[in-house]
Structure formats: structure tokens, C-alpha cells
Amino acid sequence: MSEIIKPQGKTNSIDTLDDAIAKKRLLIFDMDGTLLDSMEFWQNLGREYLESKGKSPDDDLEDVIESMTLQESASYFKTKYNLYEDTEEIIKQVLDFIEDKYLNKIPLKKGVKKFLEKVNSQGYKMCILTTSEKSQAVGALKRTGVLDLFDEVYTDRDFNLSKKDPQIYIKTCEKMGESPSDTVVFEDALYAIESAKKTACTVVGVYDEYSKGDWDKIISIADKTIQSF
């Protein structure tokens, strides 16, 4: 059973993570919903895209594609809504829709920058593992002033793996030259937390409003959970 950490102010909620990362060497961070307050922008993206194509998305569209990768969502859009573009073109068009938001609008979640600066100063290796487009991830992290705190920025395309596959976390550790047992993974999505827990990594579940329906299950699976940084 994981321990839920209830914030008691910004500094205390950061400090409560000390025992989770103590004696570890590598910190792997998801980006969207974990570090960036971006899920609001992603939540309506598929609907807005399909409507721009003159389609009428089903009421449950967001639920259907919630745990899909971008590749899977694009394939679903093409098949379900009879789009004439191929899957790669759909992906490009969807990414174009959200690029402006990454480069100009999406903020860090509260307390994130201070936490990242702290662990960086303590000498941890740090990397991003995201399913977003690398150029957009780099742009958002640079704009928010945290890019230089990370050693690497990886996307799922770098490994040709989904976050549903635990191997993506193992391969990330290998790339960073560390073992999973010396690694802490920070994720907000249930499916990613379930996957990371199948490795030897320590997993910290990060609360996000758009995953609140899964929060009780996240608490039961992750090694630790935090409501904020």
C-alpha cells in the first residue's frame, strides 16, 4: 500500500519526498499532468481536431482515447471518423493544433520549479520521458525555465515503445546509465503508473485533476503519492 502525502505548504510537500528519492541516482519525470499543467489543453484536443474536419465526435470520445498513444488515437480517428488523411498526417495535424499552447501558454504546476531546482542541486540525474512531441516538450520546458535542469528529454518515439510497456522505463534507465532499482519514476496517469510498477523502479504518483477518477487506484499501486510539489 502506498503512502499518500498530503501537502502542508509548499516546502513541506517537497520535503516529504526526500525518503522516496534517498539513495537513488536517477529521476524520470513524465511531463504532461506531472510537471506541466497541460491536461486541460489535451482534454479537448481530439474533439476540436475532429470538429475542424467537419466531424461530430461521440460524447464519450475523451474516455475512449484517454489511455491511447497519439499513434493509437490517430488510427482510431481515421477508422472511426473516416478521415482521408493517413495516420502520420493526422498526427502532424493534431500536433500543429497544440504546438502554440506548448510554446506560449502551458504553465508548470505549482511548486514544480522549486522541487526540480532542489533535486538538481543535490546531484541527481534527471530526464523527461514524455509521449508529447520532442520539439514541443523542449520548447515548453525552455520557456518555463527548467530545461537546463534535465540531462535528457526522451519521448516514446525514441524507444518505439508505449508507456503501456514496462520496457520503456527499463530502456530509459539503460540510456541514462542507471539501474531501475536506483531510479524513481514520477507519473500522473494510472496506466503509466501500472506499467512502471512492473519494473524495479520506485514509482511516485502525482495528482492531476484530470486523473482524479483514478486517484484511489493510483494510491493503492504507487509506492508514494503526492497531491502537489
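Just so it is clear, the structure is predicted and the values come from calculations on it, not from any experiment.
- Minimum heavy-atom separation, Leu26 to Met126: CD1-N, 4.3 Å.
- Listed by chain and number, the residues in a side-chain contact (heavy atoms from CB on, under 4.5 Å) with Leu103 are Glu99 (sequence neighbours excluded).
- Every pair passing salt bridge (charged side-chain N to carboxylate O under 4.0 Å, His left out) that includes a residue from residues 30-44 is listed here, sequence neighbours excluded: Asp30-Lys163.
- Applying the salt bridge (Lys or Arg N to Asp or Glu O under 4.0 Å) test to Glu48 and every residue at least two apart in sequence or in another chain returns nothing.
- Side-chain contact between Phe229 and Lys118 is absent, with no heavy-atom pair separated by less than 4.5 Å.
- Residues Val153 and Ile106 share a single hydrophobic cluster, defined by chaining ILVMFWY side chains whose heavy atoms lie under 4.5 Å apart.
- Thr34 places no side-chain N or O within donor-acceptor distance of the main-chain N or O of Met31, the cut-off being under 3.5 Å.
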Could you please spell out the steps behind the side chain to side chain contact (heavy atoms under 4.5 Å, CB included) verdict for Glu89 and Leu83?
CA-CA 10 Å; Glu89 179 62 21; Leu83 300 180; over 6 Å; no
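- The shortest heavy-atom contact between Asp223 and Cys201 is OD2-O, 3.9 Å.
- Sequence neighbours left out, the pairs with a member in residues 131-140 that pass salt bridge (charged side-chain N to carboxylate O under 4.0 Å, His left out) are Glu133-Arg157, Lys134-Asp158.
- Judged as a side chain to side chain donor-acceptor pair (under 3.5 Å), and not counting sequence neighbours, the contacts of Lys212 are Glu209.
- Clustering of Ile, Leu, Val, Met, Phe, Trp and Tyr by side-chain heavy atoms under 4.5 Å joins Ile170 with none of the others.
- Using modelled atom types, one side-chain atom of Gln136 and one backbone atom of Leu95 make a donor-acceptor pair closer than 3.5 Å.
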Run Lys105 and Asp100 through salt bridge (charged side-chain N to carboxylate O under 4.0 Å, His left out) and show every step you take.
CA-CA 7 Å; Lys105 299 176 183 178; Asp100 175 66; 3.4 Å; yes
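- In this structure the side chain of Lys109 never reaches within 4.5 angstrom of the side chain of Ser228, judged on heavy atoms.
- Under the 4.5 Å side-chain heavy-atom criterion for grouping Ile, Leu, Val, Met, Phe, Trp and Tyr, Val119 is connected to Leu141 within one hydrophobic cluster.
- Contact annotation: the side chain of Val206 never approaches that of Leu35 to less than 4.5 Å [non-hydrogen atoms, C-beta and beyond].
- Cluster annotation: Phe29 and Leu161 are assigned to distinct hydrophobic clusters (Ile/Leu/Val/Met/Phe/Trp/Tyr, side-chain heavy-atom contacts under 4.5 Å, transitive).
- Under the ring pair (Phe, Tyr, Trp, His ring centres under 6.0 Å) criterion, Tyr207 pairs with Trp215, sequence neighbours left out.
- Judged as a side chain to side chain donor-acceptor pair (under 3.5 Å), and not counting sequence neighbours, the contacts of Asp96 are Lys92.
- The closest donor-acceptor contact from the side chain of Ser195 to the backbone of Tyr191 lies at 3.5 Å or more, if one exists at all.
- With sequence neighbours excluded, the residues satisfying ring pair (Phe, Tyr, Trp, His ring centres under 6.0 Å) with Phe159 are Tyr154.
- Residue pairs satisfying the salt bridge (charged side-chain N to carboxylate O under 4.0 Å, His left out) criterion with at least one member in residues 171-182, sequence neighbours excluded, are listed as follows: Arg25-Glu178, Lys125-Glu178, Lys171-Glu174.
- Counting only N and O atoms by type, the side chains of Thr131 and Asp156 include no donor and acceptor under 3.5 Å apart.
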Apply side chain to side chain contact (heavy atoms under 4.5 Å, CB included) to residues Phe186 and Leu17 and explain how you reach the verdict.
CA-CA 11 Å; Phe186 293 79; Leu17 281 173; 4.0 Å; yes
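- Under a hydrophobic-cluster definition in which Ile, Leu, Val, Met, Phe, Trp and Tyr are linked whenever side-chain heavy atoms come within less than 4.5 Å, directly or via other members, Leu116 and Val138 are assigned to the same cluster.
- For Ile65, the side-chain contact (heavy atoms from CB on, under 4.5 Å) partners at least two apart in sequence or on another chain are Leu61, Met68, Ser73, Tyr76, Phe77.
- Residues Ile28 and Cys173 meet the side-chain proximity criterion, which asks for heavy atoms closer than 4.5 Å.
- Residue pairs satisfying the salt bridge (charged side-chain N to carboxylate O under 4.0 Å, His left out) criterion with at least one member in residues 52-64, sequence neighbours excluded, are listed as follows: Arg47-Glu62, Lys53-Glu85, Asp58-Lys80.
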